[in-house]
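See structure below.
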Amino acid sequence: MRYIKKISRIIGFCIGICLFYLNSRAQQRDSIPAGSGFRFKTVIIDAGHGGKDPGARGSYSVEKNVTLAIAKKLKLYIDTGMRDLTALMTRTDDTFIPLNQRSNIANQAHGNLFVSIHCNSSPEGNAASAHKRKGVLLLVYGFHRLKEQEEAVRENASIFQEKDYKQNYESYDESDPSNAIILNAYIQKYRKQSILFGDLLNAEFTDFDGRPSEGVKEQGVLVLAHSAMPAVLIETGFINNPEEEDYLNSPDGQDAIVKSIATAITNYRKAIGSL
C-alpha cells in the first residue's frame, strides 16, 4: 500500500509539472486562454488610509483626503465611461479600514484587479527645497510575503480563472506536490499581471502625462499580499512637495491621475485578452 501511494504521488508530481509547463506557456502572452469563461468585470478601488490614520501630511492637506477624492473620481469615471465594468471602493468616507479588511472586501467581491491609491512623502518633510522628490511610484507584491498571498488564494478559490476550478480541484490537498505546483502557477500569474498593469500605468503617467516616475518596484505591502488578484499600489505623488501637493489637490491634477489609471485599465484588459 505504501508503494502504491508513493507511485501515486510521483505520478501526481509529474502531472503537476506538465500542467505547470502548459500553464506557463499559455501565460507567455499575458493573456487569458480562450474558452476559459473568464470575464474581467470588477475593479477594486482602495483609497489609502482614513479615519484615525491620516497617512502622509503636506503643508495643508493629508493623504487620506487626497486618496479618497481620487478614488471617488475613479469610481465615477468607471461607472459612467466604462459601463461593462463594476467599480467597488474599500471605503467611501473618512473611515479607518484595517488592511486585512480591505483585501477581504476585494476577495469577497471576486475582484479582477486591485488598485490601491496613496500619496508619497520624503524624509525632508514639508520645507521648501530645490531638490524635492516628485513623481509617481508603482508598487507590486514582493516575494518575501509569498505565504500570505498563498493563503489568500486558497481561501478565495472562486476567483481562479478556470471556469470549472472546483470540479477540477475538488480533492485539493496542499501537501500534494502537484497541487502546490498548480497553486504556485496562479500566484506567479497574479504577480506577472500585477507587473504588467504597473508597467502600463507607468507608461500612462510618464509618456502621456509627462509625470516623473520612480518606476515599478516590488515590496512586501500587506494589502497587496492578501489580495488574491493582480494588485498595484499607486503612489500618486509626493504630498510633502508643495508643487505636487497643489497638483494632488487640484481638480485638474486629480482628473489627470484618474484618466491615466482608467486608460491603463483598458490597456491591461486588451493585453490579457479580456476586451
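Counting from 1, the numbers follow the sequence of the chain as shown.
- Judged by distance alone, the side chain of T90 and the main-chain N or O of R102 form no donor-acceptor pair under 3.5 Å.
- If you take CG on L196 and NZ on K189, they are separated by 13.0 Å, rounding to the nearest 0.5 Å.
- For the atom pair OG (S194) and CG (D199), the distance works out to 11.0 Å, reported to the nearest 0.5 Å.
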Criterion side-chain contact (heavy atoms from CB on, under 4.5 Å) on C119 and L248, from CA distance to verdict: CA-CA 8 Å; C119 299; L248 292 170; 4.0 Å; yes

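- Partners of K259 by salt bridge (charged side-chain N to carboxylate O under 4.0 Å, His left out), not counting sequence neighbours: none found.
- A donor-acceptor pair under 3.5 Å links the side-chain atoms of S213 to the main chain of G215, judged by distance alone.
- One N or O on the side chain of D94 and one on the backbone of G51 form a donor-acceptor pair closer than 3.5 Å.
- Applying the ring pair (Phe, Tyr, Trp, His ring centres under 6.0 Å) rule to pairs touching residues 60-98 yields nothing, sequence neighbours excluded.
- For R91, there are no salt bridge (charged side-chain N to carboxylate O under 4.0 Å, His left out) partners two or more places apart in sequence or in a different chain.
- We find the CE-CZ distance between M82 and R269 to be 6.0 Å, quoted to the nearest 0.5 Å.
- The side chain to side chain contact (heavy atoms under 4.5 Å, CB included) test with L88 is passed by exactly one of V43, I105, I78: I105.
- V136 and F238 end up in different hydrophobic clusters when Ile, Leu, Val, Met, Phe, Trp and Tyr side chains are linked at under 4.5 Å.
- In this structure, Q254 CD and L74 CG are separated by 11.5 Å, a value rounded to the nearest 0.5 Å.
- For the pair I45 and K72, the minimum side-chain heavy-atom distance is 4.5 Å or more.
- Sorted by first and then second residue, the salt bridge (charged side-chain N to carboxylate O under 4.0 Å, His left out) pairs involving residues 240-249 (not counting sequence neighbours) are R211-E244.
- For N107 (side chain) and A228 (main-chain N/O), a donor-acceptor pair under 3.5 Å exists by modelled atom type.
- A side chain to side chain contact (heavy atoms under 4.5 Å, CB included) with I117 is found for exactly one of L68, T236, V258, namely T236.
- Residues V62 and I97 do not share a hydrophobic cluster, clusters being chains of Ile/Leu/Val/Met/Phe/Trp/Tyr side chains in contact below 4.5 Å.
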Intermediate values then yes/no, side-chain contact (heavy atoms from CB on, under 4.5 Å), I234 and F205: CA-CA 11 Å; I234 306 171; F205 284 126; 4.0 Å; yes

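- Checked against ring pair (Phe, Tyr, Trp, His ring centres under 6.0 Å), F197 has the following partners two or more places apart in sequence or in another chain: Y268.
- Within the structure, ring pair (Phe, Tyr, Trp, His ring centres under 6.0 Å) contacts touching residues 241-264 (residues at least two apart or in different chains) do not occur.
- Using a distance-only test at 3.5 Å, with no hydrogens or angles considered, a donor-acceptor pair links the side chain of N104 to the main chain of N100.
- Salt bridge absent: D53 and K64 never bring a charged side-chain N and a carboxylate O closer than 4.0 Å.
- In this structure, CZ in R57 is found 9.5 Å from CD1 in I239, a value given to the nearest 0.5 Å.
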CA sep, side-chain torsions, deciding dist, call: R133, N241, side-chain contact (heavy atoms from CB on, under 4.5 Å): CA-CA 7 Å; R133 291 175 65 184; N241 179 327; over 6 Å; no

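- Side-chain atoms of T86 do not come within 3.5 Å of backbone N or O of T42 as any donor-acceptor pair.
- Defined by atom type and a distance below 3.5 Å, a donor-acceptor pair is missing between the side-chain atoms of S250 and D252.
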CA sep, side-chain torsions, deciding dist, call: K270, L200, side-chain contact (heavy atoms from CB on, under 4.5 Å): CA-CA 11 Å; K270 291 176 182 176; L200 292 170; over 6 Å; no

